[in-house]
Structures are given as structure tokens and as C-alpha cells.
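In what follows, chains are A, B, ... by sequence order, proteins preceding strands, each numbered from 1.
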Amino acid sequence: MTRWVMVADLRRCIGCQTCTASCRQANATPVGVQWRRVLDMEFGEYPEVKRAFVPVGCQHCSDPPCMEVCPTTATRQRPDGLVTIDYDLCIGCAYCAVACPYQARYRSDEPAYAYDEAIPAETVRLDPKRLGVATKCTFCVDRIDQGLARGLKPGVDPEATPACVNACISKALSFGDRDDPQSNINQLLAENQYFRMHEELDTDPGFYYLWDAR
Amino acid sequence: MSYSPPVYGPKPWLQRNWDARAAMNFMCGGAGSGLLIASAVFDWAGTMPWVWLTGLALIGLGLAAVWLEIGRKLRFLNVFLNRRSSWMTREAWIAAMVFACGLLAWWLVAPVWRALAAISALAFVYAQARILTAAKGIPAWRERRLVPLIVITGLVEGLGLLLLLARDATPVGVAPAFILALPLRWVFWTRYHQRVVPTLARRAQDALRAVSKLGLWAGTALPMLLMVLPIIWPPLTLPAFMLAGFLGLATGLGFKFALVRRAAYNQGFSLPHLPKRGRE
């Protein structure tokens, strides 16, 4: 079996938002929609201040609450763990958005542009299917599928790897197969201490955060 | 430097996906279901068809409000597709049963259809409660103690509405049932409040604590007082019952509005550990 997951090394992330920009470019998400976000968190009081940059987005949970609540079966889960949305079935009720503990889902009812009017690239890449329905990070499922069809390895070969991972300038983001004992992901998890967000909710998220060496 | 507190992260913020239209579905759906149940139990012969139709209309109004909120309105029939796990789908199927049985009961004036409609209405309000508890992203909703609270709130609203609408033709039994249901709602509210409210974001706590005060005095104590007032002064029966019914209804609606719109904070993002960099 395969279970695609992502790892974010919080020690390496510098909050440059290159992953966010590359995601927006790769997936043509509109203004205000960031499937891959990086939170800038600051803790403590001067002079004892600490900062953390935390990449977030859909966690492709094994037990996704968004799929359970979806009344239309638009949200589904593939055998490889990826949680997908069928834009032709979704009615845009936003039930999945309130069920998601990671605030990963968006609904845009109108086209949104960077400026008052659409620039040519925005006009060409506007997908009317995505208006009025739920959208979220797909882990660049098209790149994964096309890469696999060409015999490439997601997480290793850039052509088969999510755009945000490819773009990360500090190698904070990694992608791979949790079920493959030899995968890059499992090596990282073996060498480092990690956590997953909101584990107490039993969603079994597929997004791991490294915070210290073992 | 050591960071001993277990969780770090930005403060939760109010969800903006479901607005007043969604709240209306829970408000009108609960009140309408409660009215159908109360009407079926205490007016089984169907002597007040306008009351019955008001219950159906309220459920329809709530569903119409939520239809206005969805992004793809012409695809609304897709809501029926996931009976296996979605309480929203189940709510839709049950609503269809409520309308089918309810309209047949009104048309045929047959107690059996009234009973079936009332059972469906009870299932409808239960489904609405489960819709909220399945929303794992909102801590104020995902608590299972909310289920009996939403159901009893619907029943109180229905009884209150019946007292308001039936006026001097109020069926026997409605007043005692209302007097029993009011403290029961308060008990379920207290159970929910004690478990959930201390764990919520500050503003969500404030919203629910304000509702709590109102619920105790205007939603429980005062209506109960008004319901027993006619024992001392019988000429006050009708205005006292109507005011008590209004208070029971209004506080229930206010609670659900606050729950869906004001207390619906997510849990934000939390880090059980901060990254250790350099020589820390």
C-alpha cells in the first residue's frame, strides 16, 4: 500500500512563503485562497521571544471529517490516502469547511483578481468549475499521477512531487510514502522528533512536523 | 530557555462559512419540528390545521434559508447522495419524510400520518443536532452533550409556539408539558455548559455565558413563574401562557443563533512543541 504524506521541518522553515507562491502558480488559486499557507507565530515576551513558521494546509487525514460530513460524496479518499474533491458534485454547502480542524478549505463564489481587472494569465487559468464549491490542497495529485505513470518516484523526482516541496528553498518540506520503510519520509521521521497537529481529534493527519533531533 | 506550556499557536477565530442563513435552519427547523411534535401529541385530532402548517412552513423556511447559502444552488439535489455517513444528507431525507407525512396528515386529517410526521420531526431535530456534533472543526459544536440539548430546545420551542398560536384553544396537557420541559432544558444546558464552555476560546465563552444567564432567568425561571401565576389569578391565564411561550421560544432561538454565529470559533493551530534550533 501507499500513503502519501508530507513532512515540514520547523527548524528549517524560514517563512519565505515560496511554497505558497509556487502552489498558487501551480494550481492557479485565486486571490485570497492559499492551499499552502505558512503561519508566522511569535511566542513569549521581549527579550525571551521565539518565532516559528508553520506550513499548513489540507492534512490528507486517514479519517477525514470533511469526507464523513460531505452530503454529496464530492469529497473522497483514494487508496493512497489523498483526499480529493469532485467539483462537479460539490454543492458548496461548506459543511466540510466547518468540519475540518485545520481550516484547509476554501469557497470562492466570484472570480478574484490581483488587480481590479483580470490580467491575461488570470483569464486563461480561471476555472469556472471551482467557483461556488469547496477547494483545498490536493498534494498536487495530477503531478503525482502523471509522474507515477512515467515511472517516477513522488518525493524524489521533482516532476512527480508537489510544487510546494519542489519550491522550498531550505528543504523544510518533504514528501513521500509513509508505508515504504525505505522512503525519505520514514528516514526523516526515524531521525527526528515529530508531532502532528490536533492529534487528539483522531483524524490521523498525513502531515508531520519535525521539531528536534532524536 | 524552556517552554513548558504544552501548546502554542494563534488564537482561534470565528468561522465565517456558515452565516445567519445556516443559523436560521437550526432555529426554524428546531421550532418547526417541536411544533409538529407538540401538535401531534396534544392535538392528535388535528383541530388546528393552521398550527400544523406553521410547523411545516418553519421547517421549509429553514431549509430555504440554507439553500440560499450554498454555492451551487441548482445542484441542491446532490445533498441526498451520502446517506452512509453524512447527517446533512440524512437531515434532507428526513425532511422529505416530514413533508410527505405532514402534508398527508393535513390533507387526510388522519392521526396515523400525524404520528408519523411527528416521529419524522423528532428524527429531523436529532439529525440537526448530529450535524453540529460532526463538525470537528468547531469545539463548541462537536460535544455530544449538545445532542439532547438541541432536541429538548426544539421541543420547548414547539410547546412555546403552541401556547402562542393556540391562544385560548390551547389543548389540555400543553401547559404541564411546558412546565416540565423548561427545567429539563436547563439541566441539559448546564451539562453542556459545564463540560464545554471552560474549554472554549474567550469570546466563545463570553457568547455562551451571556446566553446562559438569559436562559436561566428569561428562559426558565420567568416562564415557569408565568405558567403557575394563573393558579393565583386565573384571569391572567392567557397572557401569562402566551408570554411564557414567547420567552421559551425566544430564548431557544437566541441560544441556537449564539451557538452557530457567535460561539463558533475554531480551535486555531496549535504546536505541542516549538522547533529547537541552534544551541538551545
Side-chain angles (χ1 to χ4, degrees), chain A residues 9-13 39-41 43-44 48 50-54 56 65-75 87-109 131-134 193-199 201-203 209-213, chain B residues 1-3 5 7-10 12-13 15-19 22 66-67 69-93 130-132 134-139 141-142 260 264 266-278 280:
Chain A
D9 190 336
L10 298 180
R11 298 162 301 180
R12 283 176 168 267
C13 182
L39 305 175
D40 183 345
M41 302 182 182
F43 307 97
E48 298 290 307
K50 197 157 183 180
R51 207 167 170 193
F53 302 104
V54 185
V56 294
C66 54
M67 184 175 78
E68 181 190 317
V69 303
C70 175
T72 67
T73 66
T75 296
Y87 299 137
D88 292 328
L89 274 180
C90 180
I91 59 172
C93 65
Y95 192 11
C96 54
V98 291
C100 173
Y102 305 101
Q103 288 81 54
R105 290 187 166 235
Y106 295 86
R107 194 185 89 184
S108 305
D109 292 333
L131 293 175
V133 299
Q193 296 189 69
Y194 62 86
F195 64 85
R196 290 181 294 172
M197 198 95 69
H198 303 324
E199 280 199 274
L201 296 177
D202 295 327
T203 59
Y209 294 96
L210 309 184
W211 62 280
D212 197 8
Chain B
M1 186 168 61
S2 120
Y3 288 88
V7 168
Y8 306 87
W13 60 96
Q15 65 85 20
R16 304 240 173 246
N17 293 294
W18 282 3
D19 61 18
V66 85
W67 176 77
E69 187 164 46
I70 66 174
R72 294 283 188 153
K73 293 175 179 54
L74 297 180
R75 293 184 193 166
F76 72 96
L77 287 175
N78 288 358
V79 79
F80 290 100
L81 294 179
N82 189 12
R83 275 176 304 171
R84 196 179 60 81
S85 68
S86 174
W87 279 101
M88 190 178 274
T89 296
R90 292 168 187 164
E91 181 206 33
W93 279 105
R130 294 299 301 268
I131 284 175
L132 290 173
K136 278 194 171 177
I138 311 294
W141 297 355
R142 65 184 181 219
V260 176
N266 60 38
Q267 62 192 71
F269 295 95
S270 61
L271 309 183
H273 304 281
L274 288 179
K276 290 210 168 172
R277 305 186 187 99
E280 292 179 275

Heavy-atom proximity to chain B below 4.5 Å, by part of [X]:
X	result
A:Arg11	both
A:Cys93	both
A:Arg12	neither

So which of [options] has the biggest tally of heavy-atom pairs under 4.5 Å with chain B?
options	answer
A:Gly92, A:Pro71, A:Gly132	A:Pro71
A:Val98, A:Leu10, A:Thr73	A:Val98
A:Asp109, A:Thr203, A:Leu89	A:Leu89
A:Cys13, A:Ala74, A:Cys70	A:Cys70
A:Ala213, A:Ala134, A:Ala52, A:Ala99	A:Ala99
A:Arg51, A:Met197, A:Gln103, A:Arg107	A:Gln103

Have A:Arg105 and A:Thr75 got a donor and an acceptor in their side chains that come within less than 3.5 Å? yes
Under a 4.5 Å heavy-atom cutoff, which of B:Leu74, B:Thr89, B:Val66 has the most pairs with chain A? B:Thr89
Side chain of B:Ser85, backbone of A:Glu68: donor and acceptor closer than 3.5 Å? yes
I'd like to know if the side chain of B:Gln15 and the backbone of B:Asn266 have a donor-acceptor N/O pair within less than 3.5 Å. no
Check each atom of [X] against the heavy atoms of chain A and say whether the ones under 4.5 Å are side chain, backbone, both or neither.
X	result
B:Leu77	neither
B:Trp141	side chain
B:Arg16	neither

Check for me whether the distance between the ring centres of A:Tyr194 and A:Trp211 falls short of 6.0 Å. no
Given the ring of B:Trp93, does B:Arg90 sit roughly above its face, with NZ or CZ under 6.0 Å from the centre of the six-membered ring and within 45° of the axis? no
Among all residues two or more places apart in sequence or in another chain, which pass the ring-ring contact (aromatic ring centres under 6.0 Å, His included) test with A:Tyr209? A:Phe195, A:Phe207
Please examine the side chains of A:Phe43 and B:Leu274, heavy atoms only from C-beta on, and report whether any two atoms are closer than 4.5 Å. yes
Under the side-chain contact (heavy atoms from CB on, under 4.5 Å) test, which residues partner B:Arg142, sequence neighbours left out? A:Leu201, B:Pro139, B:Gln267
Assign the ring pair B:Phe269 / A:His198 to parallel, tilted or perpendicular, where the plane angle (0 to 90°) is split at 30° and 60°. parallel
